[in-house]
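Presented below is the structure to which this report refers.
Just so you know, ligand 1 is whichever comes first in the structure, and atom 1 is the first atom listed for that ligand.
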Amino acid sequence: MKPAAFEYHRPVDLQSALALLSQHEEASVLAGGQSLVPMMNYRLAQPDHLVDINRIAELDFIREEGDEIVIGALARHATIQSSPLIAERLPLIAHSYEWIAHAAVRNRGTLCGNLCHADPASEMPALMQVLEAEMVLASAHGRRQVPAVNFFTGTYETARAAGEMLVEVRIRKPATGSGWGFEEVSMRKGDFAWVAIGCMLRVDSGVLTDLRISAAGVGDCAQRLSAMEQALQGQVPCADLFESAAQDAAAALDPLETASVSAAYRRDLVCALTPRALNAAVARVT
Ligand SMILES: Cc1cc2nc3c(=O)[nH]c(=O)nc-3n(C[C@H](O)[C@H](O)[C@H](O)COP(=O)(O)OP(=O)(O)OC[C@H]3O[C@@H](n4cnc5c(N)ncnc54)[C@H](O)[C@@H]3O)c2cc1C
């Protein structure tokens, strides 16, 4: 199939892009095109105007700013995956990329495009919640920051308003002594997750603290497992504890039922993957 007719714009600076988005409120941003172009070809998306941001060099960066790592709208998955800064400061992201799409897709696709697409089975939204990332949205009228936990609002839905662009993601560097874990089951490596679990934690005086656990592929968008986080807070880490907490968490979930993966199987995956991610995180605590 071919896309419906649209008007194409290729601004070379952010201000012009934001002006175009403000003039054409139903416009779509074109980043890597890895999700948008197939959706347009299937006519699941029919934007009247496309604002191609690929020539806006000021959006192509990964940098350290004080205690934060900042990733711009044009940073490609492959660049982030191979960045020494990300490997050193945010190893959870570097490690997890192995499960996200295929090399050809990662070469073009961007993290910000991935987050705006907000596929419920996408791993990065869950990891942004674990890392308590802040989404920086810009429009012709100014900027605002939305925490990742409030950004994903439903299947392919985010808190981004018409006329806004996600210009960067800001992630605070994890505290010294943090451990992280990531586990996923999908049909094949590089496919969207049936279920993926990411977590971060610290162990202070022998007990768990600062727990953040998030799941992809369970509900209509990434979700923090807050009740489980609270139940584990202050406990001495051990495999049995993680298993029983995961069973309680899974029992309280209402997972998606799809043609290829039943809700019951997704619940089983939460039970199996969450303790593995937590055990790995404890083992990584420095
Ligand atoms: C074969 C295949 C396998 C894949 N497997 C996975 C996988 O396992 N896990 C996974 O997470 N993803 C997977 N993906 C999706 C991939 O990660 C995409 O790159 C990503 O979802 C979209 O990024 P993009 O830069 O290509 O965005 P685009 O396709 O250009 O845009 C996607 C959406 O986001 C909007 N958008 C893009 N950038 C911005 C911005 N800066 N501000 C506001 N709106 C914006 C667009 O308007 C559009 O609605 C796969 C894709 C393919 C084709």
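- At a heavy-atom cutoff of 4.0 Å, ligand 1 is contacted by the side chain of V105 but not by its backbone.
- Residue-ligand proximity: H77 is placed with a non-hydrogen atom under 4.0 Å from ligand 1.
- Following chains of ILVMFWY side-chain contacts shorter than 4.5 Å, one can reach V203 starting from L278, so the two form part of one hydrophobic cluster.
- Annotation: I100 places no N or O atom under 3.5 Å from an N or O atom of ligand 1; distance criterion only.
- R202 and D210 are joined by a salt bridge, as a carboxylate oxygen and a charged side-chain nitrogen come within less than 4.0 angstrom of each other.
- Of all protein heavy atoms, the one closest to atom 24 (P) of ligand 1 is G32 N, 3.5 Å.
- Across G113, S122, A193, heavy-atom proximity to atom 27 (O) of ligand 1 is greatest for G113.
- The 12-atom threshold is not exceeded at CZ of R172, counting heavy atoms of other residues, nucleotides or ligands nearer than 6.0 Å.
- Listed by number with element, the atoms of ligand 1 under 4.0 angstrom from any heavy atom of E123 are 7 (C), 8 (O), 9 (N), 10 (C), 11 (O).
- Remark: R55 CZ is loosely packed, at most 12 non-hydrogen atoms of other residues, nucleotides or ligands lying under 6.0 Å away.
- Relative ring orientation between Y265 and W194 is described as perpendicular, the plane-to-plane angle rising above 60° on a 0-90° scale split at 30° and 60°.
- Looking only at protein heavy atoms, the nearest one to atom 44 (N) of ligand 1 is C116 SG, 3.4 Å.
- When only interatomic distances are considered, the shortest N/O to N/O separation between G109 and ligand 1 does not fall below 3.5 Å.
- The protein non-hydrogen atom at the shortest distance from atom 21 (O) of ligand 1 is S35 OG, 2.9 Å.
- Inclusion of E164 in the set of residues having an N or O under 3.5 Å from an N or O of ligand 1 is not warranted.
- In this structure, CD1 in I100 is found 6.0 Å from CG in L127, a value given to the nearest 0.5 Å.
- A perpendicular orientation is assigned to the rings of H95 and F182, their planes being inclined by more than 60° (bins at 30° and 60°).
- Residue contacts with ligand 1, taken as heavy atom pairs separated by less than 4.0 Å, involve R160 solely via side-chain atoms from C-beta onward.
- Taking a 4.0 Å cut-off on heavy atoms, Y156 fails to register as neighbouring ligand 1.
- In terms of protein heavy-atom proximity, atom 13 (C) of ligand 1 is nearest to F192 CZ, 3.2 Å.
- For atom 28 (P) of ligand 1, the closest heavy atom belonging to the protein is G33 N, 3.4 Å.
- When only interatomic distances are considered, the shortest N/O to N/O separation between G190 and ligand 1 falls below 3.5 Å.
- E65 and R170 are joined by a salt bridge, as a carboxylate oxygen and a charged side-chain nitrogen come within less than 4.0 angstrom of each other.
- With a heavy-atom cut-off of 4.0 Å, M124 does not touch ligand 1 at all.
- Between A31 and ligand 1, at least one pair of N/O atoms sits closer than 3.5 Å.
- There is a side-chain donor-acceptor pair under 3.5 Å between Q81 and R106.
- Protein heavy atom closest to atom 31 (O) of ligand 1, with residue, atom name and distance, is L36 CB, 3.8 Å.
- In terms of protein heavy-atom proximity, atom 53 (C) of ligand 1 is nearest to Q34 O, 3.7 Å.
- Contact atoms of ligand 1 toward W99: 8 (O) (distance under 4.0 Å to a heavy atom of the residue).
- To the nearest 0.5 angstrom, L21 atom CG is 10.0 Å from E164 atom CD.
- At a heavy-atom cutoff of 4.0 Å, ligand 1 is contacted by both the backbone and the side chain of A101.
- Checked by distance only, ligand 1 and L30 stay at 3.5 Å or farther apart across all their nitrogen or oxygen atoms.
- For ligand 1, the atoms lying closer than 4.0 Å to a non-hydrogen atom of D191 are 8 (O).
- When ring centroids are compared, Y156 and H117 come within the 6.0 Å threshold.
- Ranking the protein heavy atoms by distance from atom 46 (C) of ligand 1 puts V29 O, 2.9 Å first.
- Every N/O-N/O distance between H102 and ligand 1 stays at or above 3.5 Å.
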Set out, in order, the CA-CA distance, both residues' side-chain angles and the distance that settles salt bridge (Lys or Arg N to Asp or Glu O under 4.0 Å) for E64 and R89, then state yes or no.
CA-CA 9 Å; E64 202 165 3; R89 299 297 193 182; 3.2 Å; yes

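- The neighbour count for Q46 CD, taken as heavy atoms of other residues, nucleotides or ligands under 6.0 Å away, is above 12.
- In terms of N/O distances under 3.5 Å, ligand 1 is approached by T110.
- The number of heavy atoms from other shown groups lying within 6.0 Å of CD (Q233) is above 12.
- Contacts with ligand 1 closer than 4.0 Å are made by no heavy atom of D119, backbone or side chain.
- Hydrophobic clustering (ILVMFWY, side-chain heavy atoms < 4.5 Å, transitive): V167 and V29 are in one cluster.
- Atoms of ligand 1 found under 4.0 Å from any heavy atom of A73, numbered from 1 in the order shown, are 41 (N).
- For OH of Y8, the number of neighbouring non-hydrogen atoms (other residues, nucleotides, ligands) closer than 6.0 Å is greater than 12.
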